[in-house]
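Letters A, B, ... are given to chains in the order of the sequence lines, protein chains preceding strands, and every chain is numbered from 1.
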Number of protein chains: 2
Amino acid sequence: MSSPTTPRRGYHHGDLRAGLIREGIALLAETGVAGFSVAKVAVRAGVSSAAPYRHFPDREALLAACAAAILADITDLLAAAAEQAGPDPLDRLAATAGAYTRYVLEHRAGIDLIYSYEFSGPHHPTVQEQSRRLTGALMDLGSAVLPADVSWADTADFVYVHLSTTHGYATLLVKGTRPPQDIDSHAARAVTAARDHITGYLQRLNNRETA
Amino acid sequence: MSSPTTPRRGYHHGDLRAGLIREGIALLAETGVAGFSVAKVAVRAGVSSAAPYRHFPDREALLAACAAAILADITDLLAAAAEQAGPDPLDRLAATAGAYTRYVLEHRAGIDLIYSYEFSGPHHPTVQEQSRRLTGALMDLGSAVLPADVSWADTADFVYVHLSTTHGYATLLVKGTRPPQDIDSHAARAVTAARDHITGYLQRLNNRETA
DNA sequence: GTCTATAGGGAGATAGAC
DNA sequence: GTCTATCTCCCTATAGAC
C-alpha cells in the first residue's frame, strides 16, 4: 500500500500493521481463537499493548484483518495447486483438497477463525471480498468438472460440499485423536476423498439422466 | 446415578451437577467456546459463581463433562437414525450424516467443543469413552457397507472421512454465509453428499479390483 | 452444598506525554 | 505512531460463614 520510497521511519520496523497481522496469524496458529488477544499480538510484534489500536479500532478488526489475509493465502494456494495438477478438470478440483489440507495442517488452529466469527455481515467487507474470491475460484474449477447443463445453483451446492468436506477433513485432523502422520500422506488422502465425492456425484447425475 | 429415593434436599433443584451440564451445553450453543465461562453457567443455573466448584474442580472439567454429554447425545441420535433408515447398509450409514447435520444445526456452536479442546489425552477419560462409542457405532455401520475383504484400517479411514465430511458440511452451514434454509433440506443435502462419497468410494474399489 | 466476599490476573480500550 | 499509565470489566478460584 505505501510507496517504497517512504521507508516509514519512526517505529521499530517498516510496517507495524502488516507485522501485527503476521503475528496475529502466528498466534492464532498456536493458540486458536480462544487464546488470541490484542495484548499478546502486540508483545509478539515488539510493541506496547496500546500500539495496535492506532491501526485497528478494536480486537475484532484485527481478527478480521487476519482472517482476510488467511483467506487470500488459501485462495492463492488452491489456485496454484489446481494449476500444477494439469489439464484434467477433475484432477484440478481434487488438488485443491490437498492444498487446503496442507495449509490447515501447517497453520494448525488458525483456520477456525475464518468460519468461526461474525464475518458474514456487512461489517467486514474485506473478509467478505476474500471469501468471495475463494468461492469464485472454486466455482470456476467446479463448473469445469460438471456437465455444461448443470445449473449455477447446483454447481454452487456441489462446490460447497467439496469445500466443506475438505474443511471438515482437515480440521478434524488438526484437532482430532488420529495417529499423526506426515502432511503429504494426509493431503493425499484428502485428494482421494475429494475424488470419491466428485465421481460419486457425477455417477448420480448419470444415473438420473439414463433413468 | 443417585437413587430416586433420596431427593437430594438442600439445594434449589434436584441435581445441580446435571443442571450445570445442561446449562453449559445451552451456553455453548449460544456463544460458542469463546463465550463460555463458569460464572455464566452458574447464573443460568440459578446458583452463585462458587457453587460449580463443588461439582467440578475447574472450568475444564465442566467443559469436559459437557463435551461427553454432547458426544453421548450424538451417538444415540446417529444410532437411532441408522435404525430408522431401514436394512440397506448404505442407507443406514448415509442417514447418520443427516442426523449429525440436524443436531449441529439445532445446537449451533456447541459442536466446536468436541473437537476443539485438549480432550485427546488421558486427562478426560469420560470424553474419550464417549468418543470411542461414537467411533465404534460408525465403524459398525461402515464395515457393513464395505466388502468383507476391506481391512480394519481402511474401514477406519473410510469412516473417518465420512464423519469429517459430515462434520465439515454441518459446521460450515452453521457459521457460514449460506442462505438459511430449513433444517430438513440441509439434512437431506448432507445425506446426498454422504451417499455420493460412499458410492464414489465403492466405485474406486471396483475399478481397482477389475484392473 | 451453597452462600458471600474477595484475592488475583488478564485483557480491552483510553488519556496524555513524547 | 508509539509509549507509559491507568481505568474498568470479567473471569477463575479460594476462604470462611451457614
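Considering only residues two or more places apart in sequence or on other chains, B/Asp184 meets the salt bridge (charged side-chain N to carboxylate O under 4.0 Å, His left out) condition with B/Arg102. With sequence neighbours excluded, the residues satisfying side-chain contact (heavy atoms from CB on, under 4.5 Å) with A/Phe36 are A/Leu27, A/Leu28, A/Val41, A/Arg59, A/Leu62, A/Leu63. Legend: residues meeting ring-ring contact (aromatic ring centres under 6.0 Å, His included) with A/Phe56, ordered by chain and number and at least two apart, are absent.
Among residue pairs with one or both ends in residues 32-46 of chain B, those qualifying as side chain to side chain donor-acceptor pair (under 3.5 Å) are B/Glu23-B/Arg44, B/Glu30-B/Arg44; sequence neighbours excluded. Counting only residues at least two apart or in different chains, salt bridge (Lys or Arg N to Asp or Glu O under 4.0 Å) contacts with residues 76-86 of chain A comprise A/Asp76-A/Arg133, A/Glu83-A/Arg92.
Taking atom CZ on B/Arg54 and atom P on D/dC18, their separation rounds to 16 Å, with Å as the unit. Atoms CZ (B/Phe56) and P (C/dG1) sit 14 Å apart, rounded to a whole Å.
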Just the table, please: protein N/O against nucleotides 12-14 of chain C N/O, every pair under 3.5 Å.
{"from": "C/dG12", "atom 1": "OP1", "to": "A/Val38", "atom 2": "N", "distance (Å)": "3.4"}
{"from": "C/dG12", "atom 1": "OP1", "to": "A/Arg59", "atom 2": "NH1", "distance (Å)": "3.4"}
{"from": "C/dG12", "atom 1": "OP2", "to": "A/Val38", "atom 2": "N", "distance (Å)": "3.1"}
{"from": "C/dG12", "atom 1": "OP2", "to": "A/Ala39", "atom 2": "N", "distance (Å)": "3.3"}
{"from": "C/dA13", "atom 1": "OP2", "to": "A/Arg59", "atom 2": "N", "distance (Å)": "2.9"}

